[in-house]
Structures are given as C-alpha cells and as structure tokens.
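Lettering of chains follows the sequences in order, A, B, ..., and the numbering in each one begins at 1.
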Amino acid sequence: MAGSSFDSRRRFLNEAGRIVSAAGLAAAWPTLVRAQGKPITVGFLYTGVRQDYGWNQAHTVAARQISRLSGVKVLEQENVPETAEAEKVMESMIRLDGARVLFPTSFGYWPFILKIARRYPEVLFVHAGGLWKEGDPANTIGYRGYMEEPHYLCGIAAGRMSKTGKIGFIGAKPLYFIFNNCNGFILGARSVNPKATCQVVITGDWNNPVKEAEAVNSMVDQGVDVIVGNCDSPKVVIETAERRGVYSCGYHTDLSALAPKGFLSGAEWNWGKGAEFVRAWQTKGSYPNLLRGGFKRDMVKLSPFGRAVPEAVRAEVLKARQAFADDTLALYQGPLRDNEGNMVLKAGQRIDNEDNKYKLGVKFLVEGAIGKTGLAR
Amino acid sequence: MRARAETALITAGALALAFALFGLFLLANRLNPLEVYAVLWLGGFGTSFSLQATLTQAAPLMLTALCVAIPARAGLLVIGGEGALVAGGVCAVLAGVAAAGLPAAVGTALVCAAGAAAGGAWIAMAGALKHRRGVNETISTLLLNYIAIALLNHLVSGPIRDHTVSLKVTSWSIPQPYMVDAIPGVGVHWGLALGVLACLAAYVLLRYSVPGFAIAVLGGNARAAQLVGLPIGRLTLLACALGGAAAGLAGAVEIVAVHGAASSSLVVGFGYAGILVAFLARQNPLAIVFFAFLVGGISASGGLMQRRFDMPDAATQVLQGMIFLCVLGSNALYGRVRMFRVARAGA
Amino acid sequence: MTGTELGWWGVALAVAGGAIRVSTPYLFVSLGETLTEKSGRVNLGLEGTLLMGAMSGYGASYLTGSPWLGVLAAAASGALLGLLHAAVSNLPRVNDIAVGIALFIFGTGLAFFLGKPFVQPQAPRLPTLALGGFSDVPAIRAALEVSPLFFIGIALAFVMHWALPNTRWGLIVRAVGDNAEAARTAGYPVNLTRTLATALGGVFAGVAGAFLSLSYPGTWAEGLSSGQGLMAVALVIFARWNPVHCVWVSLLFGGASALGPALQTVGVTGYYYLTGAAPYVLTLALLIASSSRRHRLAGAPGELSINR
C-alpha cells in the first residue's frame with residue numbers, strides 16, 4: 001500500500017523518539033537546562049486553581065520545571081472550564097501573548113484542542129490525556145500515565161494494612177480511567193487478600209468537598225479502613241480519613257504531609273516529561289505524538305511511604321513496582337470476574353499493560369467492588 | 001427625553017464610581033489600576049479577536065437578561081435564567097435527536113423552538129405557583145435552578161448519555177446538519193443575531209402591543225390591574241413564559257452553535273450574569289444589548305488579566321459585583337438630580 | 001478497632017451524623033436571615049457572606065494559629081458585608097433582593113480573590129466534643145463528634161426565640177419589620193434597626209462559613225459551599241420565621257445532604273445527582289404546601305418585599 005513505508009518510518013521514529021526521550025530525560029536534564037533555545041512562550045491552562053493539592057498542582061509542578069528551561073517563559077491561567085471557553089483562552093494565549101506551546105491540562109479540553117490545532121500549525125498542543133490517534137494533527141501530543149499501576153501498588157499496601165478487609169474508592173465521574181484506577185486498587189488488594197471488598201462511591205463532581213467528606217464518613221461507618229479518592233483535590237478525603245483514624249492513599253501529587261498517621265502511599269503523575277516536548281519544539285526536534293506509559297516508561301510515580309507502613313509491606317510493594325517496570329506483571333489477566341458474576345477474562349488471557357483500546361473500553365468493576373459503573377455493557 | 005438623559009448620566013456616574021472603587025481595590029493589592037484597565041480594554045475590546053470573544057460572551061447574556069427583564073415588567077423578580085437555559089438545552093437535544101433527517105434549516109428551527117418552549121414552561125411553572133399559591137417567584141425560580149441542574153447531570157450521565165464518547169460525560173449529539181455556523185465576516189455564531197433580535201422583539205412587544213401594555217399595568221400596580229379586570233393569572237404566566245423562553249433559547253443556541261450536545265458545560269453562570277445585565281439596563285430590552293456587550297467584555301478580558309498580572313480570575317467577579325452595587329445604589333438618585341427635575345405643576 | 005457491617009443501619013447513622021454535622025451552617029445562616037427578615041429585609045447575599053466568612057476564618061486561623069480567632073474574623077467580615085447590604089438597601093427606591101444578588105457576586109468574588117494564598121496551607125481546626133464516648137461502635141462515636149458551634153447555634157436559637165417577643169430591642173425589630181410607617185411614627189429608628197439586624201445576620205452567616213472551613217469539611221477550597229447561603233432564605237420561610245423551628249429544619253436539611261453518599265455505600269447507586277437535589281426539592285415542596293394565595297404566610301413580617 002502506498003505510503004506504508006512512510007508510515008512505518010514515522011512509526012519507527014516515534015518509537016525511537018519515545019525510547020530516547022524516556023531514557024534520556026534524566027541523563028540529559030542538566031544539558032537541557034543549560035542549552036540555548038530560542039525564546040518561547042509556553043501557556044498552561046488549568047481547570048481549577050494551581051495550589052489545590054491535586055490534579056492542577058501536579059501540573060503546576062511541571063510548569064515550574066519547564067519554566068527553568070532556558071529561553072522559556074511560562075504563562076498560567078486557572079479556572080478555565082472544559083467548554084468552548086477553553087478554545088477562546090487558547091486562542092487568546094496564542095494571539096495576544098504569542099504562546100507557541102500550550103499545555104491545556106484538563107482531560108476535557110481535547111475536542112477543543114483538535115479544533116484549534118488545525119488553525120495554528122505553528123503551535124504545539126500538549127494534552128494530558130493520551131487520546132491522540134492517527135489522523136489527529138501532527139502538532140498535538142497526548143501524554144498520560146497509567147495510574148492504575150500505582151493504584152495497584154497502593155492496593156497491595158491497603159490489602160496488607162486493612163484490618164477489616166474493607167477498602168474504599170471515591171471517584172468523581174463515571175469515566176474509564178476512574179474505573180481502571182478503581183480496578184487496579186481492588187486487584188492489588190485482592191492479590192494479597194482474596195476476600196477484600198471495596199466500597200465504590202461516585203460523587204458526580206470533580207470537586208465537591210462536602211460530598212467527598214460525607215462519602216468518607218459513610219464508608220468508615222460501614223467498616224472501611226483504607227480510602228483513596230480520585231477527585232481533583234483529594235485533600236478533603238485524606239484529611240477526613242485521618243480524622244476518623246483510618247488509612248488513606250493519595251492521588252495526583254504527594255499528599256503524605258496531610259495525614260502523618262494514616263498515609264500509606266499514593267499514585268502520582270510524572271508530568272515533567274513535558275519539558276522534552278517544549279525543547280523539541282524549540283529546536284525543531286522530533287517528538288512522539290502519543291506517550292502513554294506506566295512505570296515502564298517512567299510516566300507515573302509512587303508517593304513516599306507513610307510512617308505506618310512496615311518494612312515487609314514496603315518491600316512487597318516495591319517488588320511489584322519492579323515487576324511493572326520489567327513488564328512481568330499484567331494488571332488485567334485471567335481468570336477475572338466482574339462484580340456482577342460475569343467472566344471478563346478467561347484463564348490464560350492477559351491484557352498488555354499498554355493495551356489502550358482495552359482500557360478505554362473498560363465498563364466493569366472487578367469482583368470485590370461494591371458499586372456500579374452505571375454504564376451499559 | 002429628559003428621562004433618557006437622566007438615566008444615561010446616572011448610570012454612567014454609577015459605572016464611573018464602580019471603576020474608581022475597583023481601582024482602589026487594585027491599589028490595595030499592589031496593582032496599577034491604569035495598567036489593569038488597559039489590559040481589560042485590550043482583552044475585551046482592543047483587538048478584533050477580543051471583540052469576537054466579547055460578542056460570543058454577550059450573545060447568551062442578552063437572552064438570559066430577558067428572562068429577568070420581561071417578568072420584571074409584570075412586577076415579578078425572576079432569577080431562574082440558569083435553570084431555564086439548562087432545561088432549554090436538554091430539550092433542544094432531545095428534539096434534535098428525535099427529529100433527525102429533516103432539512104437542515106427546519107431541524108435547527110425545531111431544535112431552537114423546543115429549547116424556547118422548555119425554558120418557557122420551566123419559568124411558567126414558577127409563575128403558576130405564584131398566581132395559584134402565592135409562592136414567591138424569586139425563591140421558587142432559585143430552587144428550580146438547582147433542580148434543573150441536578151436533572152441535567154442525572155440525564156446526561158445516565159438515560160441520555162452518549163456512550164460512544166468515553167472521554168467526557170455528554171449526551172447524545174444532535175444531527176450535524178442542524179448545527180449552526182459563524183456569521184460570515186464576524187466570526188461569532190448566529191446566536192448573537194438571535195439575541196439582538198429577541199431584545200428588539202421584546203422591546204416592541206412590551207411597549208407597543210396590547211399584552212405588553214397589560215403586563216406593564218400589572219407590574220405598576222397589581223391591585224389596580226385587578227380592579228380594571230385584567231386577567232392577572234394569564235398575564236403572569238405570559239410574562240414568565242416569555243422570559244423563560246428567551247433563556248431556553250439561549251440554551252438551545254449553546255447546543256446548535258457551540259456544543260452540539262448537552263453536558264455540564266451548559267452550567268457556566270450565564271443565567272446569573274444575565275441578572276446583572278438586566279439590572280444594569282434597568283430592565284430595558286434595548287439597553288440590555290449594550291450592557292450584555294459591556295459585561296461580556298469584562299468576562300472576556302478576565303483570562304488576559306489573570307495571565308498578565310497573576311491575578312485570580314475572581315477579580316472580574318469583584319468588579320461586576322461593584323458595578324452591580326453602584327448601579328443599584330444609584331437608583332436613589334432618580335428624581336434628585338436638579339438639572340433633570342421637571343418643574344412641578346403650579347410651582 | 002473492629003469494623004462492623006452496619007448495612008442500612010449505617011445509612012441511618014450516616015444520615016443522623018450528617019444531620020448534626022452538616023446542619024450547623026444551615027442553622028447559623030437561617031438564624032441570621034430570620035433576624036434580618038424580622039426587621040423587614042431580605043438578604044440573598046448570604047452565600048457571598050458565608051464564603052467570605054469561610055475564607056477569613058480559615059486565613060485568620062492559619063495566620064494566628066487559633067481557630068477561635070478565625071471564627072471571630074469570620075464574624076467580623078460577615079458584619080462588614082451585612083453593613084454593606086444595609087447601606088445600599090437603605091437608600092430610597094433600592095430593591096433589597098437585587099442588592100442581595102449583587103452582594104452574592106461581590107462576596108463570592110472577593111472571597112476567592114483574597115483566599116488564593118490559603119488554598120494550600122492547613123489551618124488549625126476547631127476542636128470537637130466527643131459525645132459518643134459511651135459507645136463501642138466507631139460509627140456512633142464518629143457521628144457524635146460534635147462541634148461546639150452546634151451547641152452555640154442551638155443556644156442562640158433559643159435566646160433569639162425568647163428575645164424577640166420579650167426584650168425592647170426584639171420588639172423594635174418586629175415593629176420595624178411589620179409596619180415601617182407605624183414604627184417611624186412611634187419614633188423607632190427604622191433604618192438603623194434594619195442596619196443592625198442585617199449586620200448581625202451577616203455575623204451569623206460569617207460564622208456559618210467559618211464552620212465549613214474550620215470544622216466540617218474543614219478545608220478552604222472553591223466549591224466549599226453548595227448554596228447553603230441561598231437556601232437560608234427558603235429555610236427561614238418554612239421555619240415560619242421561628243428561630244427554634246430553624247433548628248429542626250436545619251437538622252432535616254443536614255440529614256438530606258448526607259443521604260446521597262450514604263446510599264451509595266449500601267449499593268444504591270446511580271442516582272447521586274437526584275439525591276443531591278433532595279434538599280431543593282424538599283424546600284420547594286414544603287414551600288408550595290405551606291403557601292396560600294389568600295393569606296400571607298403566618299408569621300411573615302409585613303414589610304418583607306417578597307411578600308408584597
């Protein structure tokens with residue numbers, strides 16, 4: 001088929017680029033910072049406030065790192081809703097501020113990025129969503145970590161530390177990555193305690209402190225003693241759990257300071273990878289359009305362990321972490337049932353940790369979950 | 001004529017006071033007011049791009065302001081624009097999906113009509129409650145706002161959710177041909193034209209038609225209206241329905257011109273900003289067009305102000321609140337400004 | 001600590017615990033609004049006042065290390081906003097409902113503007129009284145972790161209920177609220193009374209906000225309030241302007257707010273938005289049921305613009 005050699009060359013370059021950038025970032029960091037690049041303005045868009053101990057904070061940490069690259073000026077705008085407003089803001093940054101690389105950091109900005117990217121090919125759009133596919137504009141990048149992997153690790157810690165065998169997951173909205181994280185958490189817990197159950201509560205809002213606090217209280221009243229919260233700012237979840245005297249796991253960024261007694265560990269993003277995209281755009285280098293990965297590609301991190309976690313559990317968690325990095329541990333593998341009794345994966349079936357299509361289509365909660373996705377299958 | 005001049009001068013004075021007070025507020029936060037206002041101008045009105053952004057913000061404001069202004073003429077204080085907009089958006093989607101396959105123009109018109117009808121019905125409910133049970137319309141429409149938003153979220157994440165879209169929680173989309181583009185040469189969608197037309201129509205209706213006049217009598221003195229034999233209930237419902245229809249139309253416009261489907265993105269505060277616009281315009285539909293433009297400009301420039309001065313974007317809310325308070329307070333000056341006082345009969 | 005599977009008892013307990021926890025801000029704002037409305041004013045801006053109270057309380061607690069100073073700061077900021085409302089509403093021909101909406105926008109904006117630096121740090125929180133010490137069940141113990149503000153609120157309700165008919169000041173407030181002309185003729189200072197009542201109402205709303213940020217959920221963030229300030233006006237109406245009824249109504253609302261998440265933990269999922277709307281539907285239903293075209297609502301002050 002005509003064009004296939006071009007495609008495979010591009011794919012090879014992408015693959016090579018991915019490997020090089022993933023491996024090289026750490027080594028190249030000092031050089032990146034010192035290297036001379038032409039001045040470039042980088043714009044960040046946040047759906048909430050930057051210092052939220054959550055999703056946005058994880059990104060503003062990366063923004064700090066990027067602003068330290070030479071020749072780079074970073075502009076930030078908060079409270080940009082996931083509506084056509086976002087498109088206006090991006091265009092405003094491009095036309096009024098001269099931004100040439102944009103980081104629209106919220107998941108829901110993607111459709112607007114696609115529309116605007118075609119109009120401004122001189123601007124690079126880097127989206128923390130990992131939704132890029134063939135046919136999307138070349139000046140867009142999707143990058144995202146597979147958070148279900150660190151959730152699995154937190155699940156192991158939860159399974160070991162829970163005295164009741166009941167853990168809890170609070171999710172904001174019924175979206176696929178929330179379900180994957182939830183499944184990861186449960187699978188990790190059940191890998192060490194096959195009888196563990198998980199209460200699942202969906203609050204319906206990315207940000208609703210009262211509902212999140214109420215969810216924690218209800219769960220603890222039902223006997224749950226390890227809770228993780230997947231909302232924009234898990235601060236309330238962690239603090240409320242600490243006050244009730246139960247364990248908690250973090251999300252997005254390092255929340256260990258909020259719960260000195262009960263913090264186990266947490267799932268963190270490694271958005272600093274964005275710096276290499278900026279550098280590539282500045283120097284007209286190559287970059288991957290899609291960068292998704294877990295521990296293998298250094299796209300996610302595990303928070304430091306809390307005081308409560310004993311040595312044996314830490315070792316067990318780190319061993320599993322290594323297994324992810326070596327790709328010897330698959331999150332979804334058969335035999336696997338969902339929580340309605342259906343067999344989802346047969347014995348011997350194994351889903352690759354980077355099988356994005358499968359993950360996008362996850363509409364079930366694994367066995368052990370008490371709750372529903374609400375999605376038809 | 002004198003009255004118009006008085007209104008214009010007092011309003012201008014109130015606006016000037018508000019901007020001065022905001023300037024003091026900025027100084028207290030170690031910002032230079034002149035710089036900030038320059039950027040406000042730039043971001044709201046200074047470039048063609050800014051003007052487009054402002055007009056895009058202004059379009060829905062014109063319609064949601066009517067949701068306050070028309071019932072106000074009947075003496076009612078309705079603040080349910082947000083709920084009516086949401087109801088309009090949901091019904092617009094439902095209509096579009098149910099009636100697929102029509103010629104594009106017909107489909108669009110149908111979708112808009114459905115939105116307007118839904119919004120009208122939503123506020124008319126409050127009007128009925130007021131007439132039949134004496135339930136205060138301000139509070140009932142406030143509560144209906146929250147209820148509408150809850151219904152929207154429930155429907156969109158369940159019964160009418162589009163499951164083929166895994167990246168956000170959104171409803172089924174209306175057929176693509178029903179979507180509306182930008183006005184050629186202006187770069188803003190047709191909702192702007194609808195907004196201006198609706199304001200003109202409201203002005204003509206309220207001032208020159210029989211029902212409009214009856215509504216005004218009701219608003220002036222309910223007891224007198226009753227004595228004269230006006231059908232209070234029907235007029236109340238009419239005023240509410242018309243106002244709600246305008247806000248519902250705004251919701252439909254959000255669907256056909258911006259989003260294509262319903263989601264929580266419909267809830268962005270257009271309803272509440274419309275209250276501000278209506279009061280600034282002293283419930284006059286023609287003035288609404290101007291003030292929607294002004295308030296839209298302030299909102300549109302918020303992002304640029306945020307980026308240039310590292311100022312929280314709540315600053316635009318502070319400014320809008322100050323403007324609102326100053327304009328409300330200036331109501332006290334009507335009839336007091338010497339130059340406009342009409343000579344008293346016999347004096 | 002042995003966890004116990006409580007099932008539906010857990011829901012009941014959560015609702016009861018939620019009723020106590022979540023009702024306190026409702027109680028304070030409704031008491032404040034009752035006072036304001038008794039004097040003949042409606043203050044729809046309490047949402048903005050509440051948020052300013054939450055922000056200043058949190059900020060003051062963080063900066064001084066004392067959560068009670070935070071409560072004081074919240075009360076002060078509430079008073080200021082109440083005074084602002086009164087100042088503008090006292091001007092002739094100014095609609096107090098519109099002023100309330102303006103204050104809502106202004107107060108909310110001001111709270112988020114000034115509160116930016118406080119989103120991240122952790123401020124010392126108000127202490128709680130552990131009333132459930134008699135029980136072995138952790139859930140009961142937790143449900144009975146009560147903030148002293150809850151008791152202060154109840155005490156204030158009874159004080160107000162006694163003071164309005166039995167003190168001179170209470171009499172003046174009610175006179176001004178029922179018939180301003182007559183009150184003026186009798187020599188009572190109408191505007192001053194309303195100003196003081198609105199300012200005091202603002203103090204209560206500020207304290208309600210301080211409860212949200214310093215007690216439960218005990219954080220300062222956008223989205224902290226889900227309309228408690230606006231609900232106050234509705235609450236007051238079907239508490240019939242009676243301070244003691246405000247206590248029961250607040251408990252009811254607090255319980256209703258806790259219902260949603262509690263139901264999910266026993267597996268009743270899928271309706272979280274609708275259960276979230278329960279307080280509003282409840283308010284509207286009660287409003288419809290208790291309103292009548294013919295009579296003015298029993299207990300309603302005659303001067304209230306919403307009753308004209």
Most chain C-contacting option - heavy-atom pairs closer than 4.5 Å, from N153(B), I147(B), V318(B), I79(B):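 Ranked by heavy-atom pairs under 4.5 Å with chain C, first place is N153(B).
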
Non-hydrogen side-chain atoms of F106(C) and L84(C) separated by less than 4.5 Å: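 Side chain of F106(C) against side chain of L84(C), heavy atoms only: contact under 4.5 Å found.
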
4.5 Å side-chain heavy-atom contact, F204(C) and L27(C):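 Answer no - side chains too far apart.
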
Under a 4.5 Å heavy-atom cut-off, does chain C meet the side chain of [X], its backbone, both or neither?
X	result
N29(B)	side chain
L142(B)	side chain
L152(B)	neither
L77(B)	side chain
L144(B)	side chain

V88(C) portion near chain B, given a 4.5 angstrom heavy-atom threshold: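 Looking at V88(C), just its side chain touches chain B.
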
Segment of A289(C) engaging chain B (4.5 angstrom heavy-atom cut-off):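 The backbone, not the side chain.
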
Between [X] and [Y] (judged by ring centroids, cut-off 6.0 Å), do the two rings come close enough to count as a pair?
X	Y	result
F118(C)	Y58(C)	no
F25(B)	F22(B)	yes
F324(B)	F279(B)	yes

side-chain contact (heavy atoms from CB on, under 4.5 Å) partners of R184(C), counting only residues at least two apart: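 Here the qualifying residues are E181(C), V190(C).
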
When P92(C), A87(C), S89(C), G48(C) are compared by non-hydrogen pairs under 4.5 Å with chain B, the top option: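 It is P92(C).
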
Flag for N90(C)-R41(C): side-chain donor and acceptor within less than 3.5 Å: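 Side-chain D/A pair, R41(C) to N90(C): present.
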
